[in-house]
Visitor: 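Dropping the structure in here first, questions after.
The figures that follow rest on heavy atoms only: side chains count, while hydrogens, waters and symmetry mates do not. In this text, all values refer to a predicted model and were calculated from it rather than measured experimentally. In this chain, residues are counted from 1 in sequence order.
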Amino acid sequence: MNLNSIPALQDNYIWVLNQDEGRCLIVDPGEAAPVLAAIAEHQWQPEAILLTHHHNDHVGGVKELVDTFPDLVVYGPEETQHKGATNIVKEGDRITILGCEFSVIATPGHTLGHICFFSDPYLFCGDTLFSGGCGRLFEGTAEHMYQSLQKLSALPDHTLVCCAHEYTLANMKFALSILPQDRAINDYYSEVKELRAKNQMTLPVILKNERRNNVFLRTNDIDLIKEIDKETKLQQPEQRFAWLRSKKDNF
């Protein structure tokens with residue numbers, strides 16, 4: 001399988017997995033035009049769409065794509081049933097597309113019905129996990145998002161985290177504000193800053209590295225706990241996550 005990213009809207013990435021002969025699947029098409037252009041350029045034959053949640057910057061292109069390719073099967077959570085999903089999937093479901101088996105992981109937080117799709121090594125995580133960060137809590141609670149991130153963090157080290165937005169630089173600036181002396185965070189910030197200065201993408205990322213660079217995955221880290229303790233004493237990792245998310249919201 002070949003992994004492709006298509007820039008869309010302001011800072012979205014639409015992901016495409018294709019076989020050498022051209023059959024492909026599309027993840028979270030927020031708009032149709034760049035996808036249709038890529039399909040024409042590469043002579044892909046789209047067979048399915050995967051939707052992680054209902055926000056328009058992830059589903060806005062579904063109708064036009066289905067109108068163009070009427071045989072497309074659209075998989076998504078219940079909250080996308082009025083956004084073009086033809087096959088509703090939920091936690092624990094397994095679907096096979098292009099010979100790959102995807103497991104469906106419920107990841108509420110950003111929205112209540114948000115899901116992720118995992119087919120080793122590919123994780124399509126929508127707006128749950130970003131490099132250096134996580135999604136805003138528009139519908140779910142901090143507890144929801146903490147548990148969702150724990151699920152994703154438990155995936156294999158070599159997992160390719162295919163996030164839906166180019167938020168890495170801003171996320172790492174925030175991480176530096178929390179742990180300014182952390183070597184891994186400093187090194188990754190420098191790398192990301194250089195990539196973005198050249199207008200190069202920072203994704204996908206390897207989960208093993210993300211556990212080291214992403215403060216939202218480090219709620220049991222002794223250095224992070226020491227920093228939080230300077231402001232407030234929080235006993236539970238869920239509380240430390242909520243503290244981080246609140247800080248990021250106002251950063």
Side-chain angles (χ1 to χ4, degrees), residues 3 5 11 13 15 52 105 107 109-110 114 116-137 142-198 200-232 234-249 251:
L3 179 66
S5 60
D11 50 34
Y13 290 125
W15 295 96
T52 61
I105 306 169
T107 53
H110 183 67
H114 197 297
C116 299
F117 296 89
F118 176 66
S119 180
D120 197 358
Y122 307 107
L123 172 66
F124 298 111
C125 52
D127 286 358
T128 296
L129 176 62
F130 299 125
S131 186
C134 68
R136 285 182 176 269
L137 306 177
E143 169 71 17
H144 285 143
M145 184 64 89
Y146 173 78
Q147 296 298 339
S148 294
L149 292 177
Q150 291 301 108
K151 289 183 187 179
L152 300 186
S153 186
L155 293 172
D157 285 353
H158 61 261
T159 298
L160 283 177
V161 182
C162 302
C163 319
H165 289 273
E166 184 58 74
Y167 289 164
T168 314
L169 183 59
N171 288 336
M172 295 314 298
K173 287 179 180 177
F174 171 72
L176 269 182
S177 76
I178 301 297
L179 292 173
Q181 305 304 320
D182 188 281
R183 175 58 62 86
I185 286 174
N186 274 277
D187 288 349
Y188 188 46
Y189 172 71
S190 296
E191 176 187 335
V192 168
K193 189 176 179 182
E194 185 174 337
L195 286 171
R196 295 308 296 153
K198 299 175 183 176
Q200 294 178 7
M201 67 186 298
T202 63
L203 304 171
V205 289
I206 298 171
L207 183 58
K208 180 180 179 180
N209 297 339
E210 197 58 27
R211 295 195 201 101
R212 182 175 64 240
N213 299 325
N214 191 326
V215 292
F216 292 96
L217 301 183
R218 291 176 55 175
T219 48
N220 283 316
D221 182 272
I222 187 65
D223 292 332
L224 179 60
I225 292 171
K226 286 179 180 178
E227 288 300 317
I228 295 175
D229 280 351
K230 292 176 182 179
E231 183 173 317
T232 181
L234 301 173
Q235 299 301 316
Q236 300 301 321
E238 296 93 329
Q239 295 173 315
R240 294 190 284 272
F241 171 82
W243 182 91
L244 282 169
R245 186 60 259 181
S246 178
K247 284 284 188 183
K248 180 63 168 67
D249 288 345
F251 183 67

Visitor: With sequence neighbours left out, write down each residue that passes ring pair (Phe, Tyr, Trp, His ring centres under 6.0 Å) with Y167, or none if nothing qualifies.
Guide: F130, H165
Visitor: Is there a donor-acceptor pair under 3.5 Å between the side chain of S153 and the backbone N or O of L149?
Guide: no
Visitor: What are the two closest non-hydrogen atoms of T128 and S148, and how far apart are they?
Guide: CG2-CB, 4.3 Å
Visitor: On a heavy-atom basis, which atom in P204 and which in C162 lie closest, and how many Å separate them?
Guide: CB-SG, 4.1 Å
Visitor: Mind listing the closest non-hydrogen atom pair of F216 and K248 along with its distance?
Guide: CZ-CB, 4.0 Å
Visitor: For D157, which residues count as a salt bridge (Lys or Arg N to Asp or Glu O under 4.0 Å) partner, sequence neighbours excluded?
Guide: R211
Visitor: Partners of E238 by salt bridge (Lys or Arg N to Asp or Glu O under 4.0 Å), sequence neighbours excluded?
Guide: none
Visitor: Output the distance between atom NZ (K226) and atom CG (D221), rounded to the nearest 0.5 Å.
Guide: 9.5 Å
Visitor: I'd like to check the side chain to side chain contact (heavy atoms under 4.5 Å, CB included) partners of R212; sequence neighbours left out, ordered by chain and number.
Guide: A184, N209
Visitor: Side chain to side chain contact (heavy atoms under 4.5 Å, CB included) for D182 and R218? Distances and angles first, verdict last.
Guide: CA-CA 12 Å; D182 188 281; R218 291 176 55 175; 2.9 Å; yes
Visitor: For the residue pair R196 and E166, establish whether any side-chain heavy-atom pair is separated by less than 4.5 Å.
Guide: yes
Visitor: Calculate, to the nearest 0.5 Å, the distance between atoms SG and CD belonging to C163 and E210 respectively.
Guide: 6.5 Å
Visitor: If you measure from CG on N171 to CZ on F251, what distance do you get to the nearest 0.5 Å?
Guide: 10.0 Å
Visitor: Applying side-chain hydrogen bond (donor to acceptor under 3.5 Å, both in side chains), can you list everything that pairs with K151, at least two apart in sequence or on another chain?
Guide: E91
Visitor: Using the test side-chain hydrogen bond (donor to acceptor under 3.5 Å, both in side chains), find all partners of N213 that sit at least two apart in sequence or belong to another chain.
Guide: none
Visitor: If you measure from CZ on F241 to CD on E143, what distance do you get to the nearest 0.5 Å?
Guide: 10.0 Å
Visitor: Kindly say whether P121 contributes a backbone atom to a donor-acceptor pair with the side chain of H158 at under 3.5 angstrom?
Guide: no
Visitor: Are the side chains of R240 and N220 in contact, using a 4.5 Å heavy-atom criterion?
Guide: yes
Visitor: So for atom CD1, which belongs to I206, do other residues, nucleotides or ligands contribute more than 12 heavy atoms lying within a distance under 6.0 Å?
Guide: no
Visitor: Under the rule for side-chain hydrogen bond (donor to acceptor under 3.5 Å, both in side chains), what residues qualify as partners of E227, not counting sequence neighbours?
Guide: K230
Visitor: State which residues pass side chain to side chain contact (heavy atoms under 4.5 Å, CB included) with L176; sequence neighbours excluded, sorted by chain then number.
Guide: I185, N186, Y189
Visitor: Could you report the tightest heavy-atom contact between G133 and L129, atom names first, then the distance?
Guide: O-CD1, 3.6 Å
Visitor: Could you work out, with salt bridge (Lys or Arg N to Asp or Glu O under 4.0 Å) as the rule, every residue matching K198, not counting sequence neighbours?
Guide: E194
Visitor: Partners of K247 by side-chain hydrogen bond (donor to acceptor under 3.5 Å, both in side chains), sequence neighbours excluded?
Guide: E231
Visitor: Please tell me if the side chains of L207 and L123 come closer than 4.5 Å, counting only heavy atoms from C-beta onward.
Guide: no
Visitor: Atom CD1 of I228 and atom OG1 of T219: how far apart are they, to the nearest 0.5 Å?
Guide: 8.0 Å
Visitor: Which residues pass the side chain to side chain contact (heavy atoms under 4.5 Å, CB included) test with S190, not counting sequence neighbours?
Guide: none
Visitor: Any heavy-atom pair between the side chains of T168 and L203 that's under 4.5 Å?
Guide: yes
Visitor: State, to 0.1 Å, how close F118 and P156 come at their nearest heavy-atom pair, and which atoms those are.
Guide: CZ-CD, 3.9 Å
Visitor: Would you say Q239 and T232 make side-chain contact, with heavy atoms under 4.5 Å?
Guide: no
Visitor: Is any side-chain heavy atom of V161 closer than 4.5 Å to a side-chain heavy atom of S131?
Guide: no
Visitor: Less than 3.5 Å apart, any donor N or O on the side chain of H114 or T107 sitting next to an acceptor on the other?
Guide: yes
Visitor: So, using side chain to side chain contact (heavy atoms under 4.5 Å, CB included) as the criterion, who are the partners of I178 when residues are at least two apart?
Guide: F174, L224, W243, L244
Visitor: Looking at every non-hydrogen atom in both residues, tell me the closest pair between M201 and S5 and how far apart they are.
Guide: SD-OG, 3.1 Å
Visitor: Do R136 side-chain atoms and R245 backbone N/O form a donor-acceptor pair below 3.5 Å?
Guide: no
Visitor: Around atom CD of Q200, are there more than 12 heavy atoms from other residues, nucleotides or ligands closer than 6.0 Å?
Guide: yes
